[in-house]
Structure formats: structure tokens, C-alpha cells
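Structure, as C-alpha cells:
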Amino acid sequence: MSPGLKLVFEAWPYLLAFVVGVLIPRRQGLFERIAIGVVAALAVLLVMGLWPDKAAAADAPTPKEWPNLLNVIVFLPIFGSISVLFLPRQSPKLLRRFTMLVLGLDFLASLWLLGVPMTSGWHFQYIREWLPTFGIRYHVAVDGVSTWLVLLSTFTTPIAAYVSFGSLKTRTKDLCFSLLLLHGAMLGAFVSLDLFLFYVFWELMLVPMIILIGIWGGVEKIKAAYKFFLYTMAGSVLMLAAILYMVWTHKEIAGFVTFDYLALKNLVLPKTAALLCFGAFLLAFIIKVPMFPLHTWLPDAHVQAPTGGSIILAAVLLKLGTYGYIRFCMGMFAGPAWSAAANLAGLAVGGGVLYGALVAWKQDDVKRLVAYSSVAHMGFVMLGLFAATRAGVEGALLQMVNHGISTGALFLLVGVIYDRRHTREVREFGGLAKVMPVYAALFVLVTMSSIGVPGTNGFVGEFMVIMGAFVSLPLGSHGQLQAVLATTGVILAAVYMLSLVQKMFFGPLSNPKNANLPDLNVRETLALAPLIALIFVLGLFPNVFLDRARDSVASVIEGYQEGRKAYMGMEPGAAAKLRPRKGGNLETGYPEPPKPGGETGKKEPAPTAALDQAPPAGGAR
């Protein structure tokens with residue numbers, strides 16, 4: 001076969017997808033159609049590029065990991081936010097283009113993470129001493145769990161910024177600074193393996209989010225910003241106290257101070273201390289998720305935040321709570337987490353899935369309805385984590401990404417109608433499908449995704465969570481009942497979402513103010529296109545996602561079970577102890593005690609090199 005003919009055969013799926021995208025009915029011009037065609041071709045490229053191929057993977061050489069990749073991903077937007085301060089405020093177009101360039105480059109850099117098989121262990125690990133006197137290191141790495149959350153952030157934040165630049169025309173410099181700083185802080189929290197570093201990024205996120213709500217928010221923006229700040233800070237302070245207690249305990253046992261996660265997760269605390277530390281971490285994370293009854297800040301924050309802020313809040317910021325539970329609560333406090341799992345799962349189902357759905361059903365404000373639906377969907381995520389089965393945790397991780405895509409798209413669509421009517425009251429609409437057919441079609445499609453219709457991304461994650469809860473050991477005899485009740489939540493989701501669709505888009509066009517509303521413009525269409533594409537990619541090809549997370553999820557569950565056994569083996573009144581090191585990929589980068597001369601242990605020839613007994617992580621060289 002000639003090279004040209006071979007190229008045609010290899011490229012035909014991408015060409016076909018591009019042609020289908022271009023052949024949509026002409027609306028805003030050729031540029032819009034070409035852009036949609038490119039998005040369709042990229043969606044096919046994503047599926048084919050990530051399709052699991054065990055035979056090819058076994059024969060292929062292990063890709064080399066660049067140790068500075070995570071530094072680039074985290075600090076490119078942070079340095080970009082600082083650079084914005086030196087750009088002229090009088091040039092809003094320059095500020096917007098610079099921000100989009102930085103976010104675009106960051107997204108492209110994050111795609112490099114997909115070039116390495118996510119085997120068990122840490123990848124793209126980078127370690128440098130930061131404050132050695134206090135045992136603080138700059139330690140970052142990713143695994144199959146955090147990789148997808150990093151990519152979710154780098155994917156959705158540019159969309160949120162692009163949408164924001166279409167509707168927010170004041171204080172552009174402040175907006176660009178806030179978006180970039182928030183983006184960098186979120187990424188830093190996802191990759192930090194030093195608890196001090198994690199806490200710095202965790203708190204840094206508060207500042208730009210408060211600015212977004214407090215400056216560009218709605219009528220009660222100041223109240224919503226303060227409420228968000230106070231709730232988050234209340235949990236954060238207790239988490240800091242627990243971190244300091246664990247660091248002090250480690251020093252008493254091992255003889256040196258460290259904030260490193262790899263060392264602190266080997267601590268086996270007395271049962272009372274473990275329960276209190278678990279409670280402190282849990283409170284910080286369930287506030288961020290949020291879970292009932294600590295959820296009341298979320299509807300206010302969503303309703304008052306601008307559209308871009310709501311997209312980031314739903315797509316990424318809430319996931320820091322669920323990620324924190326996986327990494328720190330399950331990783332460091334397996335015993336208390338196991339003991340509390342059944343009760344917490346009941347709270348997630350009753351106070352999250354069911355309560356969130358029922359309250360959403362009674363809302364008259366479209367944005368507040370979507371906010372409460374977010375509480376219900378995050379209840380599914382937490383149920384999967386509390387179940388602690390392979391299906392449950394994988395389903396929860398998939399549902400984190402699904403929720404970011406579907407709910408992010410819903411908030412974007414709500415922002416579209418608000419920009420035209422400056423109201424979100426359901427009674428103000430009706431019959432919109434007659435004047436905004438494309439908008440109506442996409443809203444219905446995203447609604448199907450949010451409900452969890454088979455073929456869309458929402459179905460697979462919820463199904464896996466329910467199956468995982470049904471056979472969960474930590475949930476015990478309650479798991480089956482909780483799985484059935486969670487299924488009821490799916491039915492309620494269909495009730496409130498389809499009810500909203502019927503009231504907004506069908507029936508007579510009774511309000512004359514809606515008679516001449518324009519349909520989606522080019523900016524809105526291009527922002528929605530990649531979200532719509534991923535709804536079908538993850539709905540039809542979930543293994544593209546699950547295959548890369550599988551080994552890391554297995555490691556999380558194995559560590560969870562081992563930690564629980566160590567906790568149960570503690571005698572009443574026994575002192576804290578350290579579990580023996582196992583070595584292997586999961587302990588690559590384990591901190592060593594300082595040498596008498598004040599230097600830390602063994603020098604690292606390279607940032608990703610193992611420390612003493614730990615072999616290199618899978619794929620690292």
C-alpha cells in the first residue's frame with residue numbers, strides 16, 4: 001500500500017468526524033462549523049489515542065517521564081497571574097488573549113500526562129527540600145487518581161474563562177489575575193504530596209474565588225463570599241491542627257520532623273487521636289464537597305457567582321473535597337474511615353442524593369436548582385468512596401469527571417439565558433424551543449447526561465457506584481438499602497430535570513419578552529462543543545478513562561484495608577507507632593532522617609530518583 005493511501009486509511013475516522021461537524025446547518029458562518037468539526041475530530045483522536053491495548057503496551061518501551069512537567073503545569077498559571085499585574089489595565093483585549101494563551105499552553109502541557117501508562121505508584125515525581133529545618137519539602141507527583149482531576153481542571157478552566165470574557169466587561173485585569181491564580185492553586189492541591197504544601201495551595205484557592213464572587217457576583221455577592229470563606233476556613237483550621245499533631249507524633253516516634261504524606265500515612269495513632277484527626281480532615285473535605293448539613297454555602301455561592309465562577313466551582317473546586325477524602329482520609333485514617341463508612345454513606349444518600357433532589361425539585365430559580373442537583377450528584381460520589389469497593393471507587397472517580405462536565409455545561413447554559421433576560425426565574429420562561437431551538441436541543445442533551453441516560457457519561461458512573469455500594473464490606477448490611485435509595489435519587493433527578501425542561505422549552509410562548517431572544521452565538525457554541533463531545537466519549541467509551549485509573553484505585557483500596565487492620569490491631573491505651581516500610585513504587589520519595597551534619601538523608605541524583613530502599617516509580621528513569 002502506498003504511503004498516501006495508508007495515510008488516508010489511518011486518517012478516515014478523523015476526517016469523517018470533521019465532515020460531520022462541518023455539515024451542521026449553517027447558522028453563524030463557516031468558522032463556527034469548522035470549529036465544531038475540529039472538536040469532533042479531536043474527540044475521535046482522544047478515544048483512539050487512549051484506547052486500551054494491552055498487547056501493544058506490553059511490547060512498547062516505557063515512555064520517559066520529564067520530572068519538571070508538574071512544575072510547569074502548576075506554576076505556569078501562577079506566574080501568568082503575576083505577569084498580568086504588569087500588563088496595562090487599559091488593554092482588556094491583550095489581557096484576555098494573554099490569559100487564554102496561558103490556560104491553553106497549560107492544557108497542552110497537561111496532555112503529556114496521558115503519554116505515560118498510569119501504573120501503580122507515583123509518576124512525574126519531583127522532590128526538593130524547601131524548609132528542611134521544619135521537615136517541609138516541595139514534593140509533587142500524580143497517580144491514576146489525580147491525573148484525571150488535573151486534566152479536568154486544565155480542560156474546564158479555559159472554557160470558564162472564555163465564557164467569562166464574553167459577559168464580564170469590567171475590571172478585566174482583576175478577572176484575569178483571579179482566574180489564573182485560582183487555576184494554579186487548584187492544580188497545586190491535586191499534585192501535592194507534602195501536607196504543608198497541600199495546605200498552602202488549599203488556602204490559596206480561597207482568595208481568587210472570593211474575588212470572583214465578591215466583585216462580579218449578583219445582588220447578595222458579599223454575603224455569599226463571606227459565607228464561602230467562613231465555612232471553608234472553619235474546616236481548614238481544624239485540618240491544620242490535625243496535621244501539626246501528626247507531624248509532632250511522627251517526630252516523637254521517628255526522631256525527625258516531616259510533613260510528607262508518604263511518611264505520615266504510615267502512622268498508626270491511638271484510637272481516640274485517630275478518630276479526632278480523621279474528624280478534622282473529614283470536616284474540611286465534606287464542607288468542600290459539600291455534604292449535608294454543611295452544604296448551605298454552595299447554593300448561595302453558585303447563584304451569586306458569575307457564570308465562569310460557577311463552572312469552576314462545580315467542575316473543579318468541589319472535587320478537591322472528594323479527592324482529599326480519597327488521598328488523606330482513606331490513606332491516613334483507614335480505621336476510623338472504615339468504622340464511620342456506613343453512617344457517612346447514609347448521610348450521603350439521605351442528606352445528599354435524596355434531600356438534594358427533593359429540594360432541587362421545589363426551586364423556582366434555574367441556577368439554584370442546578371446547584372442543589374450538584375449536592376445530589378456529589379452524594380453519589382461520596383457513596384462510592386464510602387463503599388470502598390473497586391467498582392464504587394472507580395465509579396466515584398468517573399462521576400467526579402462526569403459531574404464536572406455535565407454540571408459545568410448546565411451552568412454555562414443557565415448563564416446563556418441569564419445574559420439575555422437577566423432573570424433565572426422558571427416562571428419567566430416557556431416555549432423557548434420555538435425561538436432558541438439549538439439552545440433547547442443542547443439543554444435537553446445535557447439534561448439527559450445529568451439524569452444518567454444510557455449512552456451519556458452520567459450513566460456509567462452512577463451504575464458503578466450503586467453496584468459497588470450493594471456489595472460493600474464497610475457498609476455491611478446497610479449497603480443494599482443505601483444502593484436502592486440511591487437508585488431512587490436517579491428517578492428524582494429525572495423528575496426535577498425533565499420538569500424544568502418542560503416548563504422552560506415547551507408549551508406556549510406566553511411571555512412577549514422571550515419572543516425575539518437570539519439563539520446561541522459563536523462563543524457560546526464553541527464553549528459548549530467540547531463539553532458535549534466528552535458527554536458521549538465518556539458515555540460510550542468509559543474504559544478510556546477507567547483503564548488509566550484502575551491500578552491506582554487498586555492501590556488505594558489495598559492501602560485502605562491494610563491501614564484498617566493496623567488500626568484494629570491497636571490495643572487500648574497503646575502509644576502511636578509507625579508501620580514498617582514496604583518499599584516499592586508507592587514509597588518512592590519517602591523522607592529519610594537528617595544526617596548528624598544537618599543534611600537530609602541520601603542525596604537524590606535526580607528529582608525522580610528513589611530515596612534509599614525505594615525503587616523507581618513505574619515509568620520513571
Side-chain angles (χ1 to χ4, degrees), residues 74 77-78 80-82 84-85 89 95 99 102-103 153 156-157 160-161 163-165 167-190 192 198-240 283-290 294-321 323-324 367-368 370-371 374-375 378 404 407-408 411 415 418:
V74 172
I78 291 177
S81 68
I82 297 172
V84 163
L85 299 177
R89 187 179 294 272
L95 290 164
T99 301
V102 172
L103 293 174
S153 181
T156 54
T157 305
V163 170
S164 298
F165 294 152
S167 57
L168 303 179
K169 302 299 184 182
T170 60
R171 303 185 67 169
T172 302
K173 186 172 184 175
D174 304 329
L175 176 64
C176 294
F177 171 81
S178 300
L179 288 171
L180 290 172
L181 183 61
L182 176 62
H183 184 52
M186 293 187 300
L187 292 170
F190 282 132
S192 297
F198 170 78
Y199 191 80
V200 168
F201 284 123
W202 179 269
E203 292 300 299
L204 185 60
M205 289 182 295
L206 285 179
V207 178
M209 195 67 216
I210 290 171
I211 293 174
L212 285 173
I213 298 173
I215 294 180
W216 296 277
V219 176
E220 297 185 346
K221 57 189 178 182
I222 302 301
K223 175 186 173 183
Y226 276 135
K227 198 170 183 180
F228 168 70
F229 173 78
L230 292 174
Y231 267 75
T232 308
M233 276 300 298
S236 300
V237 170
L238 293 176
M239 180 171 68
L240 177 61
L283 182 65
F285 297 141
I286 66 174
I287 287 174
K288 190 76 80 176
V289 170
L294 302 172
H295 67 288
T296 57
W297 66 268
L298 181 66
D300 290 340
H302 269 312
V303 169
Q304 299 304 321
T307 299
S310 291
I311 294 172
I312 295 174
L313 187 60
V316 186
L317 211 62
L318 304 189
K319 309 309 178 297
L320 283 153
Y323 168 77
K367 200 172 187 182
R368 190 172 287 272
V370 177
S374 189
V375 174
M378 294 305 289
T407 308
F411 279 119
Y418 182 78

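- Nearest heavy atom pair, residue Pro77 against residue Gly184, reads CG-CA, 3.7 Å.
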Criterion side chain to side chain contact (heavy atoms under 4.5 Å, CB included) on Ile287 and Trp297, from CA distance to verdict: CA-CA 9 Å; Ile287 287 174; Trp297 66 268; 3.9 Å; yes
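- Side-chain contact between Leu182 and Leu204 is absent, with no heavy-atom pair separated by less than 4.5 Å.
- Inter-residue side-chain proximity for Leu180 and Ile78 is flagged as unmet; no heavy-atom pair is nearer than 4.5 Å.
- Between Phe201 and Val74 the shortest side-chain heavy-atom distance falls below 4.5 Å.
- With Leu95 as the fixed residue, the side chain to side chain contact (heavy atoms under 4.5 Å, CB included) test singles out one of Leu175, Val84, Asp174: Val84.
- Residue Cys176 holds its SG atom at 12.5 Å from CZ of Arg171, rounded to the nearest 0.5 Å.
- Between the side chains of Thr296 and Tyr231, at least one donor N or O lies within less than 3.5 Å of an accepting N or O.
- For the pair His295/Met378, no side-chain contact is recorded, criterion being any heavy-atom separation below 4.5 Å from C-beta on.
- Using a 4.5 Å heavy-atom cutoff, the side chains of Phe177 and Pro208 are not in contact.
- Glu203 places a side-chain heavy atom less than 4.5 Å from the side chain of Met233.
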Evaluation steps, side chain to side chain contact (heavy atoms under 4.5 Å, CB included), between Val316 and His183: CA-CA 9 Å; Val316 186; His183 184 52; over 6 Å; no
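- Of all non-hydrogen atoms in Leu318 and Ser374, the two that sit nearest each other are CD1-OG, 3.6 Å.
- Remark: His302 NE2 to Phe411 CZ distance equals 3.5 Å, nearest 0.5 Å.
- The nearest pair of heavy atoms linking Gly308 to Ser164 is CA-OG, 3.2 Å.
- How far OG of Ser236 is from OH of Tyr199: 5.0 Å, rounded to the nearest 0.5 Å.
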Side chain to side chain contact (heavy atoms under 4.5 Å, CB included) between Leu294 and Leu283, worked out: CA-CA 9 Å; Leu294 302 172; Leu283 182 65; 3.4 Å; yes
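- For Met205 against Leu320, the heavy-atom pair with the smallest separation is SD-CD1, 3.0 Å.
- Shown here are the salt bridge (charged side-chain N to carboxylate O under 4.0 Å, His left out) partners of Lys227, two or more places apart in sequence or in another chain: Asp300.
- Using a 4.5 Å heavy-atom threshold, the side chains of Phe228 and Leu317 count as touching.
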Derivation of the side chain to side chain contact (heavy atoms under 4.5 Å, CB included) call for Thr407 and Ile311: CA-CA 8 Å; Thr407 308; Ile311 294 172; over 6 Å; no
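- The two residues Lys288 and Gly321 have their closest heavy-atom pair at CG-N, 3.8 Å.
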Candidate pair Trp202 and Phe285, rule ring-ring contact (aromatic ring centres under 6.0 Å, His included), full reasoning: CA-CA 11 Å; Trp202 179 269; Phe285 297 141; 5.5 Å; yes
Anything under 3.5 Å between a donor and an acceptor, one on a side chain of residues 209-226, the other on a protein residue two or more places apart or in another chain? List them.
from   : atom 1 : to     : atom 2 : distance (Å)
Trp216 : NE1    : Thr170 : O      : 3.1
Lys221 : NZ     : Ile215 : O      : 3.2

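- In this structure, Met186 and Ile312 have side chains that are in contact, with non-hydrogen atoms separated by less than 4.5 Å.
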